[in-house]
Structures are given as structure tokens and as C-alpha cells.
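The residues of the chain are indexed from 1 along the displayed sequence.
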Amino acid sequence: MDNPRNIKIEDYNYELPGERIALHPLAVRDACKLLCYKNGNITDHVFSELPALMPKGALMVRNDTRVINARLRFSKTTGAAIEIFCLEPNEPADYAMAFASRGRCRWQCLVGNAKKWKEGSLCMEVDTASGHTTLHATQAPLPPAADKSRTIIFEWDNSDVSFSDIISAVGEIPIPPYLNRPSEAADSTDYQTVYSRIDGSVAAPTAGLHFTPELLARLPELGVEVRSVTLHVGAGTFRPVKSNVIADHDMHSEFIAVEASLINELAQSVGQRPIVAVGTTSVRTLESLYHAGRLIMAGKWSGEVPQWTPYDTELPEISATEALRALSEHLAASGADMFTAHTRIIIAPGYDYRIVDAMITNFHQPASTLLLLVSAFIGDAWRNVYKHALAGNYRFLSYGDACLFFRKQLCN
């Protein structure tokens, strides 16, 4: 495969008028537009028509992560406002354990107006469903991380109250920064998929926002089976590419979890039935499984799929089935029923898709890594697709309309 390190991000730019960015979703989720690109042809649909567009016998994989109320707003006694944006837990590092913590936990956080908070603790009175408590936030004596995040220690004085109770009571849902508006009460529902289940994301897997319970119920009737993976979306998904070439861009790390039973099912399904990913997060999760298997077979597995692993010619070039079986055997040997890891992979033109045959996604920001991922899937056709969408009054970005893309191999 070609190495994308020398790709210039400017080559993946396009003009996106501000009025084309959807600030709110449609009242009916599956009433949005759906652009389908298949075998070189672009057709226009409504998302409610998706089941009829699915290939026969498809296995659809979605991301069941749930967006947390990650923004906590404190006020210092001086009146200075400090915003703490919770990114991921580090003590305990397990998401479920961190949310269940009582009395104390540590998170990696972005701090807004950090220059006004040099030392000392911030505090906030919190009324939760489990009782009242006083929340304290203190900066750990550690230098900021490469992404400028800081380690924050949260402590509170009521053992009946969990950290989940606290953020549910006073945290705010973190809508995308490009919406340029404050969070609203409706976002707490609008910015969650109807099948969200596992707390941990700071951004929604937005392709899934278009699904309704009624639409999901129609899929099995048409022979489409639906499975779930978990990828907790990090704030890095919105981080712009500031370097001229992709080689100088550091991809963010995201937590993934996939049941061993699904990995076994994927090993039996790949190449035998179409695998459809709902959203780029599901794409990254599925493709990361392949590369985790490669690393395991090479004896180089460390718990994370590095950014450039897909383009490492020193690793064994194996089939998707072989990689998934190696991963399955690795789990069986350790007695685990769930594969958990972190992934940093960058999917860009030159990438060879191994598992995903079709994807459902939204329209992405200009000059973004997500647009690179789409281009790697459908090639330069992305330009005509986006041109068609702009001319056809499609709505863009997180609350916008959707796309259904098929790989060329699946169309033949």
C-alpha cells in the first residue's frame, strides 16, 4: 500500500459556507437526506430509505458509546470562570470504574482559562439524585500532556454519591465547537444515538444520530443483522490538522472495546457477507481489529494500535480472517471475553480497507482526518460527492445529513 505521510492536507480542502453547517438536527431523525455513492453513481434519498439500500445479508456494526456531560464550570472566589473538560479517566483508568468512583478519581482534562488557576482547589456545591456533596478539583503536580491536557484530581465528601451522579447533575453535554453556540437542553437528547449505552465519549458518533427505533426494527426484516462495538470518541476528533503534510500530524488515542463473540463472528463473515460500519468511529474500530491481529502475530502487541501501523511493511501481510482469528486466540488464551485497547490509526489515501465494505457517515469538515478516511474509501470521488451535496442543499457536519458509501469491490 502507498504511504500517506507526504499527503498535503490542503489537497483535501473545500469551501464550506457557514450557512450549510446544521446548528440543530431535524425534528425527525430519519427524515434527513441520505446521499448514496455506489459504483460511481450518486443518488439522493431520505435516511428512512436506508434499510432498502442495504446489501442482502449485511452485518451492520454501530458504536454504542454514550456522550457524557464532560464540561464542568467552576467559579473561583475571585470571580474567574474555569472550565474543566473531562477527556478520559486515569485513576481508575477503567471508564466504568471511574464513573462509579465514590469520593475520589483522577481524569485527564482540558482546562479553560487555565492562566487564572495557578494553584489551590476549585470547589462547587452539587445536588445529585444520591444526595448533596461538595466537589473539589485540584491540579496534580504533573506537566501538561502533549495535547495540553492536565491531570485533575476530583474529590467529594459524600460516599453515597458517584462521579457519574456529579457530572449528570452539573456537567454539560459538549457539543462540537464549530456549532459556535452554547449547549442547550435539547442537546442532551439530540446529541445521543437512540442506542447509546456505554458512558465515555466527549463527542457523539454522529452517523448514528439518524437512526430511530422504528428504522432499526426494520433492518432484521430485510436480512440485516446489527451488532455493537464501543469506541469512546475523544476531543481530538475535532482537532484541526495544522501541519502541511500528514506525517507531522499526531493522531489522538481512543479507547475501543469489542466482544470476543463479535470478533469470532467477524472472522467468519469477512469476505463472505457485506460488513457495513455506522460512522467513522465504527470504521476505525473494525479496521483497528485487523491491525491488532497483525501486531499480535508479530509479537509486538502493546495494547495500542499506533498511528502508522497500517503502513508498516515489516509486519506480516495477512488476510483479515487470519488477523481476526489471531486476535480471537489471543483473547481465548487470556480468558477474556472482551477485547479492549486504544487506537491511534490514521486512515488516509493509500490505506487498504480490510474489513469494512460500506459505511454510513456524515459530511465532514474541510481538511480533516475524517475527510482523509472517506477519500481512502471512495477515492477522489469524494470531490464530486461533496460538490453534489453542496449544490443539493445538503446539511453538513454533526447535525447534518448523511452519506452511504460502498467500496468498489462490493459493487461488482
Side-chain angles (χ1 to χ4, degrees), residues 65-142 144-145 147-177 179 181-193 196-204 232-235 238 255:
T65 188
R66 186 168 179 82
V67 184
I68 64 171
N69 291 357
R71 293 185 188 275
L72 297 171
R73 299 185 188 275
F74 289 83
S75 294
K76 293 186 66 178
T77 54
T78 60
I82 308 294
E83 178 188 292
I84 297 179
F85 190 129
C86 299
L87 297 179
E88 62 177 356
N90 63 19
E91 190 184 291
D94 178 85
Y95 278 85
M97 291 177 64
F99 290 124
S101 294
R102 297 175 186 272
R104 188 181 192 276
C105 60
R106 297 199 335 176
W107 281 68
Q108 206 65 22
C109 306
L110 295 175
V111 178
N113 205 17
K115 62 182 181 296
K116 295 288 187 180
W117 184 27
K118 298 295 185 183
E119 57 186 16
S121 295
L122 304 174
C123 69
M124 178 194 305
E125 298 299 318
V126 183
D127 287 311
T128 79
S130 301
H132 179 85
T133 192
T134 302
L135 174 67
H136 294 270
T138 308
Q139 297 187 59
L142 299 169
D147 63 358
K148 299 184 180 179
S149 65
R150 301 162 186 258
T151 305
I152 304 299
I153 303 167
F154 294 106
E155 297 176 297
W156 56 102
D157 57 4
N158 186 338
S159 60
D160 292 331
V161 174
S162 68
F163 191 66
S164 179
D165 291 331
I166 290 171
I167 61 172
S168 295
V170 295
E172 297 177 13
I173 203 86
I175 61 172
L179 295 184
R181 65 169 177 81
S183 297
E184 300 170 4
D187 291 314
S188 295
T189 300
D190 292 342
Y191 202 53
Q192 301 282 11
T193 64
S196 64
R197 190 172 64 91
I198 309 296
D199 286 342
S201 280
V202 299
H232 289 324
V233 189
F238 298 123
F255 171 86

About how many Å separate [atom2] of [Y] and [atom1] of [X], when rounded to the nearest 0.5 Å?
X	Y	atom1	atom2	result
S101	W156	OG	CH2	5.5 Å
R71	L110	CZ	CG	9.0 Å
C123	K76	SG	NZ	11.5 Å
W107	I84	CH2	CD1	12.5 Å
C105	I166	SG	CD1	7.5 Å
D199	T65	CG	OG1	8.0 Å

Side chain to side chain contact (heavy atoms under 4.5 Å, CB included) partners for [X], two or more places apart:
X	value
A93	none
D94	A96, M97
A204	V67, Y191, T206, L209
A140	R106, L142, T151, I153

Would you check if [X] and [Y] make a side-chain contact, meaning some heavy-atom pair closer than 4.5 Å?
X	Y	value
N158	T128	no
R150	C109	no
I198	Y95	no
I175	R181	yes
E184	D190	no

Could you pull out the closest heavy-atom pair between [X] and [Y], with the gap in Å?
X	Y	value
E83	R73	OE1-NH1, 3.0 Å
L87	V202	O-CG1, 4.2 Å
N113	I82	O-CD1, 3.3 Å

Is the backbone of [Y] close enough, under 3.5 Å, to the side chain of [X] for a donor and an acceptor to pair up by distance?
X	Y	answer
R197	R66	no
T189	A186	no
N69	I167	yes
S149	Q108	no
S164	A100	no
S130	V161	no

Here's a test for you: under side chain to side chain donor-acceptor pair (under 3.5 Å), which of D160, D127, D157 qualifies with H132?
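Single pass found, and it is D127.
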
Using the test side chain to side chain donor-acceptor pair (under 3.5 Å), find all partners of E91 that sit at least two apart in sequence or belong to another chain.
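Scan of E91 (side chain to side chain donor-acceptor pair (under 3.5 Å), adjacent residues dropped) gives R104.
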
Just checking F74 against W117, ring centres under 6.0 Å apart?
no

side-chain contact (heavy atoms from CB on, under 4.5 Å) assessment of L72 paired with L122:
CA-CA 11 Å; L72 297 171; L122 304 174; over 6 Å; no

Could you note down all residue pairs passing salt bridge (Lys or Arg N to Asp or Glu O under 4.0 Å) where residues 107-119 supplies at least one of them, sequence neighbours left out?
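Counting only pairs at least two positions apart or across chains, no salt bridge (Lys or Arg N to Asp or Glu O under 4.0 Å) contact touches residues 107-119.
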
Specify whether H232 and F255 have parallel, tilted or perpendicular ring planes, treating 30° as the upper limit for parallel and 60° as the lower limit for perpendicular.
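H232 and F255: parallel rings.
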
Would you tell me whether D165 and S168 have side-chain atoms, one donor and one acceptor, within less than 3.5 Å of each other?
no

